[in-house]
Amino acid sequence: MESYLEGGGVKIFFENELVVADFHLPNKSCILYVSECDVVAGNSYKRRLVRYRNSSSSFHELVLVENTRLSEQYFSAVQKFVVFDLGLTLLPVSGQTEASQLITQMVHGDGRENPFRRRSSSRLLDPLVLALVQQVPGVGRVKALALLQHFSSIQQLCNAAPAKLEPVVGQSAAQQIHSFFHKHTAGS
Amino acid sequence: PVCILVDSRCISSGVELVASLRQRHAATVHVCSLDGSYFIVSNRMAVERHSQSDIAVTQNRKRLAERVSALQGLFERVCLIVEKDRIKPGDVSRPFQRTRYYDSTVTALVRAGVRLLWSDGTEESAGLLAGLARLEQRKGQGITVPLEVKGQHKQQALQLYLGLPSVNYVHALSLSHNFRTIAQLINSSIEAIEKGGCMSRSRAEEIYRFLRYSCDSFLLQTSKAAGKTS
């Protein structure tokens, strides 16, 4: 496994202190490796997993599990234990070759921009307000724009008396809008 | 029993899955129209189901990234079930070849805080969905609000609530059941929105601010002009 990682351009340091985790990666994550033998041999790997979870520092804890023809019948039980019971992240691999390829990606991918990371959206609220006002029955784009020129927020529009709405949209729409906001919805 | 909401688009590809959720896992499955094909298993968790080859194909990344970030805006927790590709009868089974691209996608998803679950097929996916719903229920996040919205006005109110920023379907359902009128919600405190919408504090704050947000008349003017020319 070490030779694969080095082939992928990953520098490895061996430490005796890594009692609980098997790998520490530069991006604040660590890895515990559960081999096919561990899974097949019975429940002792569970103790190791619990110890791993409890040792939790500020690291993101990942668990690589060998899912092979030999161990696949146990995989769903292992997954339930790792993810549902311990709340850790599980990634299946077919063996050490795949594991080292995956770890190499984790090390290298660290610097790249993450396409799945949610960017704090600085979206414009005006179009959303406009769209919301158009959810009021009988109010289309034109009336919605006219209403927002006079009552600039949804709250102001909601609290406007029918008499105040009337000059903007006419009498019947004014009544309809006011009653839409104030009619009972809850209960049956 | 746990309650799971399913987008209507999941049905065509998931008849067996829904049947299994109902029969084997005794889940209440409610089909509704969500803004994408996903499942809601609690007030804060959405689950999407993807095939392994879906994740492995380069062309899908942009769409997947859009889906994931849209869901992360609506839910505190987003989970992907990665399902092994189904082998059609008669087809020679080809083992899935992991590529560097696949590994980098999986790694990026994990780093973005998306939870991944691995499934062998429909039956196992149903078990995972039911398991997630039960887990969330134990944590006090299960869907408990009535799923039916009766009457035209209540339906209209639900649609309006879905137009609020960062409000998911369960939040909108909770709002329409817990506030007597739309005006009551609009004039509520942040605390009341948090409680009535079964949502996080920050989400309630966002709604509170949105309802009081004052539109810029210049922007509206330009959109008025744009509306005329189109």
Side-chain angles (χ1 to χ4, degrees), chain A residues 27 29 60 62 67 72 75-76 79-80 83-84 89-94 98 101-102 104-106 108-110 112 114-119 121 123-132 134-137 141-142 145 148-149 152-156 158-159 180-188, chain B residues 61-62 64-65 68-69 72-73 98 100 103-120 124 127-128 131-132 135 150-151 153-154 156-160 163-165 176-183 186-187 210-217 219-221 223-224 227:
Chain A
N27 53 7
S29 45
H60 183 182
L62 307 168
N67 187 18
E72 68 183 357
F75 181 77
S76 100
Q79 172 161 260
K80 280 204 183 94
V83 182
F84 287 5
T89 303
L90 181 152
L91 300 170
V93 290
S94 67
E98 273 193 9
Q101 282 163 358
L102 185 61
T104 307
Q105 278 307 314
M106 286 178 189
H108 290 328
D110 195 28
R112 284 185 230 130
N114 189 337
F116 301 108
R117 183 85 66 191
R118 187 168 159 71
R119 289 163 285 277
S121 60
R123 57 185 164 179
L124 282 174
L125 292 181
D126 298 74
L128 292 179
V129 173
L130 183 62
L132 198 88
Q134 289 179 68
Q135 290 287 337
V136 180
R141 191 183 169 82
V142 176
L145 283 166
L148 286 171
Q149 308 258 309
S152 66
S153 72
I154 292 166
Q155 193 188 33
Q156 280 187 35
C158 160
N159 294 334
F180 177 73
F181 282 118
H182 294 86
K183 203 154 94 183
H184 277 215
T185 56
S188 47
Chain B
R61 183 180 265 188
K62 193 167 173 240
L64 187 65
V68 166
S69 73
Q72 281 178 322
R98 269 173 102 121
R100 202 184 287 183
D103 283 344
S104 79
T105 303
V106 167
T107 315
L109 283 166
V110 169
R111 271 192 295 126
V114 176
R115 284 137 219 261
L116 297 175
L117 286 166
W118 310 90
S119 160
D120 239 358
E124 190 169 6
L128 291 171
L132 285 170
L135 190 67
K150 293 195 181 97
H153 181 56
K154 214 163 168 172
Q156 288 166 339
L158 178 72
Q159 288 308 316
L160 181 112
L164 293 167
S176 48
H177 287 294
N178 292 332
F179 287 96
R180 260 184 305 109
T181 64
I182 299 173
I186 290 177
N187 292 307
F210 177 75
L211 294 169
R212 284 156 188 77
Y213 172 79
S214 197
C215 278
D216 186 324
S217 57
L219 274 172
L220 289 175
Q221 280 297 343
S223 72
K224 199 172 186 174

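Keep in mind that this is a model prediction, so the values were computed, not measured. Values reported hereafter were calculated over all heavy atoms of this structure, with side chains retained and with hydrogens, waters and symmetry mates removed. Letters A, B, ... are given to chains in the order of the sequence lines, protein chains preceding strands, and every chain is numbered from 1.
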Side chain / backbone / both / neither for Glu124(B) at chain A, heavy atoms under 4.5 Å: side chain

Shortest non-hydrogen pair, Asp126(A) vs Cys215(B), comes out as OD2-CA, 3.3 Å

Are there over 12 heavy-atom neighbours, none belonging to Arg212(B), within less than 6.0 Å of that residue's CZ? yes

In short, Arg111(B) meets Arg117(A) closest at the heavy-atom pair O-NH1, 2.8 Å

When you look at Phe116(A) and Gln72(B), which way does the side chain to side chain contact (heavy atoms under 4.5 Å, CB included) test go after all the steps? CA-CA 9 Å; Phe116(A) 301 108; Gln72(B) 281 178 322; 5.6 Å; no

How close do Ala112(B) and Asn114(A) get, counting heavy atoms only, and between which atoms? N-ND2, 3.7 Å

Scored by heavy-atom pairs under 4.5 Å with chain B, the best of Lys80(A), His108(A), Gln134(A), Gln79(A) is Gln79(A)

Evaluation steps, side chain to side chain contact (heavy atoms under 4.5 Å, CB included), between Phe181(A) and Thr181(B): CA-CA 7 Å; Phe181(A) 282 118; Thr181(B) 64; over 6 Å; no

Return the set of residues passing side-chain contact (heavy atoms from CB on, under 4.5 Å) with Ser29(A) (not counting sequence neighbours), or none when no residue passes. Leu25(A), Asn27(A), His60(A), Leu62(A)

If I measure from the heavy atoms of chain A, does Val110(B) come under 4.5 Å with its side chain, its backbone, both, or neither? both

Taking the side chain as every heavy atom from C-beta outward, state whether Ile154(A) and Tyr213(B) have any atom pair closer than 4.5 Å. no

If you tally heavy-atom pairs under 4.5 Å against chain A, which of Arg115(B), Arg61(B), Lys62(B) wins? Arg61(B)

Heavy-atom closest pair, residues His184(A) and His153(B): O-CD2, 3.4 Å

With chain A, the option among Val106(B), Leu116(B), Leu164(B), Leu117(B) that has the most non-hydrogen atom pairs under 4.5 Å is Leu117(B)

Please state whether the side chain, the backbone, both or neither of Thr89(A) comes within less than 4.5 Å of a heavy atom of chain B. side chain

Part of Leu135(B) within contact of chain A (heavy atom distance under 4.5 Å): side chain

Between Asp120(B) and Phe75(A), is the side chain to side chain contact (heavy atoms under 4.5 Å, CB included) condition met? List the steps. CA-CA 10 Å; Asp120(B) 239 358; Phe75(A) 181 77; over 6 Å; no

Chain B contacts, top residue of Gln155(A), Gln156(A), Gln135(A) (heavy-atom pairs, under 4.5 Å): Gln155(A)

Pair Asn67(A)-Trp118(B), side chain to side chain contact (heavy atoms under 4.5 Å, CB included): steps then yes or no: CA-CA 11 Å; Asn67(A) 187 18; Trp118(B) 310 90; over 6 Å; no

Per-residue tally against chain A (heavy atom, under 4.5 Å) across Gly131(B), Gly127(B), Gly151(B), Ala157(B) peaks at Gly131(B)

Out of curiosity, Leu211(B) CG to Cys158(A) SG, how far, rounded to the nearest 0.5 Å? 9.0 Å

Which answer fits Gln101(A), side chain, backbone, both or neither, if we ask what part of it has an atom under 4.5 Å from a heavy atom of chain B? both

Let me know if Leu158(B) has heavy atoms under 4.5 Å from chain A in its side chain, its backbone, both or neither. neither

Smallest separation among heavy atoms of Leu132(A) and Gly163(B), with atom names: CD1-C, 3.5 Å

Shortest non-hydrogen contact from Ala108(B) to Pro115(A)? CB-CD, 4.4 Å

For Arg98(B), enumerate each residue passing the salt bridge (Lys or Arg N to Asp or Glu O under 4.0 Å) test, keeping only those at least two apart in sequence or located in another chain. Glu98(A), Asp103(B)

